[in-house]
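Accompanying notes for the structure given below.
None of these values were measured; they are calculated from a predicted model. To find a chain, count down the sequence lines: A is the first, B the second, and so on, and within it residues start at 1.
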Amino acid sequence: MATNRAHCDQLIDYFNGHLSGEEKKAFEEHLNTCTECQEELNEWNALIDELPYDSEPVTPPEGMKERTLAAVFKEDETSKAEKDDESNQTQAISPFTHAEKAPVKKFPSKKWVLPAAAAFLLSLGGNVFLFNQLQQQSTELTQSQETIDELMQFVTLSPVNTEEAAPAGTASIVRRGSEVSVVINASSLGPLRDNEVYQVWLIEGDSPDTPQRAGTFVSSETGDGTVVFTMENFNPEQWNTIAISHEPDADSQTPEGEVILASEL
Amino acid sequence: MTEPRDLDLYQNLVNGDKKALEALYDRYEKLVYSFAYRMTKDPELAEEVVQEVFIKLWNPHSPYSSEKGKFSSWLLTMTRNTALDFLRKQANKPTVEYEERDSPQEAADSPGELLEVKEQSQLVRRAVQRLKKDQKQIIELFYFQGLTHEKIAVRTGLPLGTVKGRIRLALKHLRTHINEEGGKVNGY
């Protein structure tokens, strides 16, 4: 029975496609004989009628249809030449390159909020790129929410090591209705290698040993970085420190790398 | 107004009708993109997922048939699997992570989009919003980020052996909420 339980425990990894060829085959053999796993898998598969609809309806980027149809029909021609070559398919579908990302995707973009939000963000770090992104987004999205943002707290993040070219940053805590967004702007960040990222941590006064990871971002070529994250039920009394660390990858559950910027809240 | 059925469009598509593919694209563009964006949290990656999904639709390795359930469910399953694939490949290139979703960005209706999608979306989002924070989190990690069992345990701080039970519980609550929200969602 022990092996049986072990197999049942692989259901999540099977459903999410994490099993290798052999593991998958072994699990599927188990699945054939385990009604419990079958039932659970059926339920999970049925979620496709519900959970995808938990997505905010977002307007696709301009020109996506043309790019997609071009990729589909171009692929059609190549696949006639090289049928069943899947590796070819994935390479042929990227007519654009990955630009450096400014993490403003979910920032509210209702037009009347824009001037205030943009001025506010500019005042933080003079992040003109972000401003441009916001403007661009405003033409792509319309928004129905009518709330007024209120700045709850603004702090300057201090570098932990004061070497030359030390990083600088600010954190703003903004209330929008029942939600609280935290906007971090940082500059003079050092370059990132491989999978490295910057991560934001909130540290509780009562339990300083268990910081909560709040956001992840990468810096631009010029060493600037911005992250916006939203928290529900944010209690300003709960947190007494905000910190940014340089992490080896985005999977760190607690800060593993060096803390570069921090401030009391 | 009689719109051609998904299945009919799909049949034409299989016979090489590019217009049929385009019609299905128009119908599902926003849903597929929004779901891909919800999973990847990255507009460019979401677009890549959309492209890959429609490439697979046009060159089916495992074609759709009505025994597989609703066309939209099949298409969304393909979207989820493709997005998970891309997320795994992109694991080295993380983007911004959101603890919770930001305010809704209601998009304008697009022509050809199904009203049913909009209603379903409002209903499910209301139901999800009613879940407790830890229940939302486990659904996010399990379903939308498609993490491994182990990573879900680490991220939630739950013992490995507890994770599946918590998923089950969260989904049970979700289903209750969906039913209460007036969903005729189960079993078409």
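- Using a cut-off of 4.0 Å between Lys/Arg side-chain N and Asp/Glu carboxylate O, A/K65 and B/E29 are scored as not salt-bridged.
- Comparing B/F144, B/F54, B/Y143 by heavy-atom pairs within less than 4.5 Å of chain A, the highest count is held by B/Y143.
- The CD1 atom of A/I48 sits 12.5 Å away from atom CH2 of B/W74, with the distance rounded to the nearest 0.5 Å.
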For side chain to side chain contact (heavy atoms under 4.5 Å, CB included), just list the numbers for A/L51 and B/L174, CA-CA rounded to whole Å, side-chain angles, deciding distance to a tenth of an Å, and then say yes or no.
CA-CA 10 Å; A/L51 278 177; B/L174 176 68; 3.7 Å; yes
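- Of the two parts of A/Q10, neither the backbone nor the side chain holds a non-hydrogen atom closer than 4.5 Å to a non-hydrogen atom of chain B.
- Judged purely by distance below 3.5 Å, without hydrogens or angles, the side chains of B/R80 and A/N16 pair a donor atom with an acceptor atom.
- Between atom CD of residue A/E50 and atom OG of residue B/S121 there is a gap of 13.0 Å, rounded to the nearest 0.5 Å.
- When each of B/N81, B/L57, B/L147, B/V32 is checked for heavy-atom pairs under 4.5 Å with chain A, B/L147 comes out on top.
- A pairwise comparison of heavy atoms in B/G146 and A/H18 identifies O-NE2, 2.6 Å as the closest pair.
- Panel note: side chain B/S34, backbone A/V58; a donor-acceptor pair is recorded below 3.5 Å.
- Taking CE of A/M64 as the start and CD of B/Q51 as the end, the distance is 8.0 Å to the nearest 0.5 Å.
- Side-chain atoms of B/H149 do not come within 3.5 Å of backbone N or O of A/L11 as any donor-acceptor pair.
- A cation-pi arrangement, defined by a distance under 6.0 Å to the six-membered ring centre and an angle within 45 degrees of its axis, is present between B/K18 and A/F73.
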Would A/Y53 and B/F35 count as a side chain to side chain contact (heavy atoms under 4.5 Å, CB included) if you check the C-alpha gap in whole Å, the side-chain angles of each, and the deciding distance to 0.1 Å?
CA-CA 7 Å; A/Y53 298 89; B/F35 184 34; over 6 Å; no
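- Salt bridge present: A/R67 and B/E47 bring a charged side-chain N and a carboxylate O closer than 4.0 Å.
- A donor-acceptor contact shorter than 3.5 Å is absent between the side chain of B/K151 and the backbone of A/D251.
- Interface summary for chain B: among A/I12, A/V200, A/D13, the most heavy-atom pairs under 4.5 angstrom belong to A/I12.
- For the pair B/R88 (side chain) and A/G17 (backbone), a donor-acceptor distance under 3.5 Å is present.
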